[in-house]
J.: 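A single structure is presented below for examination.
Everything numeric here is computed off the predicted structure, so don't read it as measured data. Residue numbers start from 1 in every chain, and the chains themselves are labelled A, B, ... in the order their sequence lines are given, proteins ahead of strands.
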4 protein chains.
Amino acid sequence: MIRLNCDYLEGAHPNILERLMKTNYDQTIPYGFDEITESAKQKIKKACECENGEVFFLVGGTQTNATMLDFILDKAEGVIAADTGHISVHEAGAVEYCGRKVITIPAVDGKLSPAAVREYMENFYQDATWFHMVCPGGIYISHPSEYGTLYTEQELKELREICDQYDMQLYLDGARIGYALASEGNDVTLPIIAKYCHSFCIGGTKIGALFGEAAVFTNKKQAKHFVTFIKQHGALLAKGRMLGIQFDELFKDDLYLKLGAQANALALKIKKAFLEKGYELYVDSYTNQQFFLVSNGKLKEISEKVIVDDWGPMGDGKHLIRVTASWATTEEMADMLIELL
Amino acid sequence: MIRLNCDYLEGAHPNILERLMKTNYDQTIPYGFDEITESAKQKIKKACECENGEVFFLVGGTQTNATMLDFILDKAEGVIAADTGHISVHEAGAVEYCGRKVITIPAVDGKLSPAAVREYMENFYQDATWFHMVCPGGIYISHPSEYGTLYTEQELKELREICDQYDMQLYLDGARIGYALASEGNDVTLPIIAKYCHSFCIGGTKIGALFGEAAVFTNKKQAKHFVTFIKQHGALLAKGRMLGIQFDELFKDDLYLKLGAQANALALKIKKAFLEKGYELYVDSYTNQQFFLVSNGKLKEISEKVIVDDWGPMGDGKHLIRVTASWATTEEMADMLIELL
Amino acid sequence: MIRLNCDYLEGAHPNILERLMKTNYDQTIPYGFDEITESAKQKIKKACECENGEVFFLVGGTQTNATMLDFILDKAEGVIAADTGHISVHEAGAVEYCGRKVITIPAVDGKLSPAAVREYMENFYQDATWFHMVCPGGIYISHPSEYGTLYTEQELKELREICDQYDMQLYLDGARIGYALASEGNDVTLPIIAKYCHSFCIGGTKIGALFGEAAVFTNKKQAKHFVTFIKQHGALLAKGRMLGIQFDELFKDDLYLKLGAQANALALKIKKAFLEKGYELYVDSYTNQQFFLVSNGKLKEISEKVIVDDWGPMGDGKHLIRVTASWATTEEMADMLIELL
Amino acid sequence: MIRLNCDYLEGAHPNILERLMKTNYDQTIPYGFDEITESAKQKIKKACECENGEVFFLVGGTQTNATMLDFILDKAEGVIAADTGHISVHEAGAVEYCGRKVITIPAVDGKLSPAAVREYMENFYQDATWFHMVCPGGIYISHPSEYGTLYTEQELKELREICDQYDMQLYLDGARIGYALASEGNDVTLPIIAKYCHSFCIGGTKIGALFGEAAVFTNKKQAKHFVTFIKQHGALLAKGRMLGIQFDELFKDDLYLKLGAQANALALKIKKAFLEKGYELYVDSYTNQQFFLVSNGKLKEISEKVIVDDWGPMGDGKHLIRVTASWATTEEMADMLIELL
């Protein structure tokens, strides 16, 4: 029995484990002020072409989103997100726990449409009673989205224009950004993201780290007191170098992109097979997560050998399933699924 | 140059690293529902003789304290702590961030005196305006305390009696509990702690884990919805088995106690040397943290070869220093410091 | 120029002002522990046939909703509300500020359909990842709704059954409940509300008080430490008797119902006139708020003499307007509007 | 039986009641955007010589302190206050509920000493682990203090200098400021307060209003989105003109100062009598609150005719009592107490 239902089932990429072993008895100062962490920060700033920025490492995705959003939003402000956005649905109200409303707008293919956001903002300030409503102070997007889809540079540009017009922050959740950056359907690079977004995160957990997310401010001035804020949110890792080590390895020799590309290739191979066998796509994803409609019977049959993610019945006796390839997925695993179609 | 200023400078105990390597390509379900995590939970429940309890694993100490206290306190309640307590001083207001006041009482040797707590409670409800004040709903103690000192079974018993009388929760922060349990000055075991405390945590970070704290409820009924609550506080680790692995190793063949005993022995050897050389103890600790008063000049001299923790000037040209032995400290390291005295 | 756009434009009913004058130099203990407040509480408990309940007085509607919901919800829980509900839209995120997610369900005529809530709950716990989502711990309904519509006894019964099944709290926002209770379209009394809801509030502000909302717990055991909680939320009025006086007057000789009936009668007279002139109802309300579709031109014409509430363009050159009669609205004011149709 | 234990036992000054009556049927737009409220704001800005400032009206004192402090503090920041400060003790943790730590410093005669604050700040940033502690982002003082004592202009100046040095906010709680301004021991005026404080409040509740506090920002730029923030904190009064009316009356023809002067005179008459009879002052107050040490027996004797505030036993069989004169206290009431000495 193998699993293709999730991209954080295995441990860590061997390079990371080796580095952990090699540095194990080093004595480094805690809380991320060590040299390895500094090296990782520099690599990320370089990759983002963002010398005036600042990078911090946190442990988990929900934690990073909540801490960042609570930090970048101003008084009385909430954040706009797609109704399918991770913060809207699957973060257990972590953003609201920080006192911040998530203002949802219906998603299109898992994404927030710039036009819909613009319309929301125009209506908002035309409403004479706007001061009875949470001020939209930021826009949350995930790249790739929860449905594997990708924002274009043009979309990022438009979202940033809205932010500039209304004094808002553009935040990009890159929990799976490695798979986005390596995708053939992608026209967005880290420097482009750093150009249009005020801040964003680069996920490690889903692409070969034991854990860890890099939070990037594109302007370091914004990050005042952020270490204290991280600690206040329970998100400051004592042995900070563990985060440094992982990102230092992921950003060495483009490992990050290589792992993304390798997983995407397997995901697209699976997608091709599903299409050839006449299965219906739920959404057209070019990243490591693929979404298909399969019959109940077929799902049961597949599940005897390969576990995929069942997202529930969609009518007509069909289920929406998610198939995920990760940095650790092998050609054999993909083929095993394909044979079952 | 070596460091004896902190017990979380190195990586992890080799057993943990080996287990990480061995299980690296296993595919296990995330969020701590895997079998290794279950095994670790069972080991801890057994060690605590607490079959009706429930164990959860979180990542960091401040995170665990804030999440646990916010969970166990009821509406309008705050928590009583020593003014030197970790939550009172060094957690960046994480408890207050959750909306909970930390009600401080002056510490005696780093500990909360049951008599002082009792006096506070008696005065509290005698005050006709008590409803203008935060209700004391819990008592926070750290064992060992931030000054290495230990609560006795009698003290735990008295604190629990106060809790029973006033409908409060007794919570024990065991960030360094391994060193306490292995201390010759200790008369408290995990089952005794589980008997008197409503909940507590067992720290991994400072005793050989890469990270990780075990949160223990002595009555599982209290833990309803706690997984969601952990997630809401940004504290749910995706690859949950990483926590399971670490605690499964620490609680295998009493490794936890052995590491504690080994560090304590070195700390006491250092203490003995300081005393023999005529240095003054700041507090009489029998655990891995030792506190001495040394002259400015001596501190500089020591610091050229061994980094100790400078807690600042204490008058008379003396500084309070903390010397810490950890699971990774060797006899040679201790001797290197002793030679400098 | 007169205003029919809102039911809280004027001051207070003369009985209230007279009582304020008469008691002005009385010296009463603060914070609502005085005899007048006690008298008002008893009157409300009697009106609700709820001897085991407990009543508290707060100042404003948003304040009461946020304080009550934050109090009745348990750890990790949020509240289900109609997407048009006051807490979902017009309370500036006050509920989220308390860390509580408002889980929205599309409204039908401004109301939450029991069937839709049941469906949500069934899906919720069927989802294997439910612990990543905020636990629905309560249901918020407003009676009358923000569109003047009314819940039936049958609907309250069904909502309570859902609550009983899933261990949830049913909370009713009665900011305009006086108008509901006095409505010909209403089959729900205060005792019926107290029977099916765990807690609710009775609004004073919109029906003749200067300010003030009564918060009712139907089981006093639930209200432990609520006074401290009110204070902690900044909602405890120092001169508490001001609230007692107002509710003591409103619940004397059924003044509350009389004011509601009088305003409803004028609102229905206006509704009848609109219908006779061929205007379209936006929703069929039998309480003091009425909703019509009028052309842009007509709206401008009306607005020269009578201010009504413009809820914005609805297509076809029509605007949705709200016309509101209050305890202070006179027959002449209603007629002035009717003449303009 | 009369009461001299509190300054918010009675209703409102007759001018306020008359204005409420006179304007009762006026139809004014809600939420404080009406003309009366505007007039009151202008009067306060003029009295403070603070044309670039902005004034808002809230309902209660705790509410105002918590809302203002939460607003003016930045990310990760808490507020320094005297350990006897109202926010430290008697606001039920309302500031902490907003996620803000109150950092207490021992008071001297109920006041925060500039030297002690400076020492705290110097130590704070010398501590290498300062980022594990809440950043002190503001200073809270109450004028008069909870013990009736007064800050001098020199002290305000020094506190502001500390704020300027460390990028902090100086906030003054003026819940009883009318009594301070009218005190013979006072060298501080509203313009001086507006010069040195970034923001402050002017209390109405304790000096003749039914309720109400004016929150003043000395620079209106700071107040962006404050109305939404007030609403989010449950503190926006629907019938906002009720607040406007009260402050418009209090600031008409110096009524505010006259009421303060009248109460202070009676308080000082009482103080003189206590001193002449050989009673000991607990603190030397020149405002409407006076603090004496009296024997248990005497307290009982007094309490048969005049209720004073018992602040509990102070050793030697003596109790600390507070005697309070208010805007509504008469010469006869003061004399009645004096006769009992």
Side-chain angles (χ1 to χ4, degrees), chain C residues 1-6 8-14 17 20-21 23-31 34 58-67 90-99 175 205-206 209-211 227-239 241-242 245 307 328, chain D residues 1-6 8-14 17 20-21 23-30 34 58-67 70 90-99 175 205-206 209-211 227-239 241-242 245 307 328:
Chain C
M1 177 75 87
I2 59 156
R3 290 178 170 275
L4 289 171
N5 61 325
C6 178
Y8 43 102
L9 301 168
E10 295 90 356
H13 188 272
L17 288 187
L20 284 178
M21 300 288 278
T23 58
N24 193 48
Y25 288 99
D26 292 358
Q27 292 190 312
T28 49
I29 50 173
Y31 303 114
D34 62 280
L58 289 88
V59 173
T62 291
Q63 179 186 81
T64 303
N65 287 336
T67 307
H90 283 119
E91 301 199 347
V95 173
E96 288 89 353
Y97 182 76
C98 295
T205 305
K206 295 180 172 78
L210 292 171
F211 57 89
V227 174
T228 305
F229 198 77
I230 293 174
K231 176 110 185 175
Q232 194 170 79
H233 282 62
L236 189 63
L237 193 69
K239 296 185 180 176
R241 86 166 182 247
M242 301 307 146
I245 284 170
I307 296 177
Chain D
M1 178 74 88
I2 60 157
R3 291 178 169 275
L4 289 172
N5 62 324
C6 179
Y8 42 103
L9 301 168
E10 295 90 355
H13 189 273
L17 288 188
L20 284 178
M21 300 288 278
T23 58
N24 193 48
Y25 287 99
D26 292 359
Q27 291 190 309
T28 48
I29 51 173
D34 62 282
L58 288 87
V59 173
T62 291
Q63 180 187 81
T64 303
N65 287 336
T67 306
D70 192 26
H90 283 119
E91 301 199 347
V95 173
E96 289 89 351
Y97 181 77
C98 296
T205 305
K206 295 179 171 78
L210 292 172
F211 57 89
V227 174
T228 305
F229 199 75
I230 293 174
K231 175 107 186 178
Q232 194 171 78
H233 282 61
L236 189 63
L237 194 69
K239 297 185 179 176
R241 86 165 182 247
M242 301 305 144
I245 284 170
I307 296 177

J.: Counting heavy-atom pairs under 4.5 Å with chain D, which one of C:Glu96, C:Met1, C:Met21, C:Lys239 comes out on top?
T.: C:Lys239

J.: Answer with side chain, backbone, both or neither: which region of D:Ile245 has an atom nearer than 4.5 Å to a non-hydrogen atom of chain C?
T.: neither

J.: Would you say the side chain of D:His90 lies within less than 4.5 Å of the side chain of C:Lys231, judging by non-hydrogen atoms?
T.: no

J.: Rounded to the nearest 0.5 Å, what's the gap from CD on D:Gln232 to OH on C:Tyr97? Could you check?
T.: 7.0 Å

J.: Answer with side chain, backbone, both or neither: which region of D:Phe211 has an atom nearer than 4.5 Å to a non-hydrogen atom of chain C?
T.: side chain

J.: Does any heavy atom of chain C fall under 4.5 Å from the side chain of D:Ala238, the backbone, both, or neither of them?
T.: both

J.: Between D:Ile29 and chain C, which part of the residue has a heavy atom less than 4.5 Å away: side chain, backbone, both or neither?
T.: both

J.: Side chain, backbone, both or neither: which part of D:Met242 has an atom under 4.5 Å from a heavy atom of chain C?
T.: side chain

J.: Check each atom of C:Ile2 against the heavy atoms of chain D and say whether the ones under 4.5 Å are side chain, backbone, both or neither.
T.: both

J.: Which atoms of D:Ala209 come close to chain C, meaning under 4.5 Å heavy atom to heavy atom: side chain ones, backbone ones, both, or neither?
T.: backbone

J.: Taking atom OG1 of D:Thr228 and atom CD of C:Glu91, what is their separation to the nearest 0.5 Å?
T.: 13.5 Å

J.: With a 4.5 Å cut-off on heavy-atom pairs, point out which of C:Ala66, C:Pro30, C:Gly61, C:Gly99 contacts chain D the most.
T.: C:Pro30

J.: I'd like to know which of D:Arg241, D:Lys206, D:Gln27, D:His233 tops the heavy-atom pair count under 4.5 Å against chain C.
T.: D:Gln27

J.: Under a 4.5 Å heavy-atom cutoff, which of D:Cys98, D:Gly93, D:Ala92 has the most pairs with chain C?
T.: D:Ala92

J.: Do you know which of D:Ala235, D:Ala328, D:Ala12, D:Pro14 has the most heavy-atom pairs under 4.5 Å to chain C?
T.: D:Ala12

J.: Quick check for you: to the nearest 0.5 Å, what is the distance between C:Asp26 atom CG and D:Arg3 atom CZ?
T.: 11.5 Å

J.: Once rounded to the nearest 0.5 Å, what's the spacing between atom CG of C:Leu237 and atom OG1 of D:Thr62?
T.: 11.0 Å

J.: Kindly compute the distance separating CG (D:Leu17) from CG (C:Leu17), expressed to the nearest 0.5 Å.
T.: 8.5 Å

J.: Supply the atom-to-atom distance D:Tyr25 OH to C:Glu10 CD, rounded to the nearest 0.5 angstrom.
T.: 8.5 Å

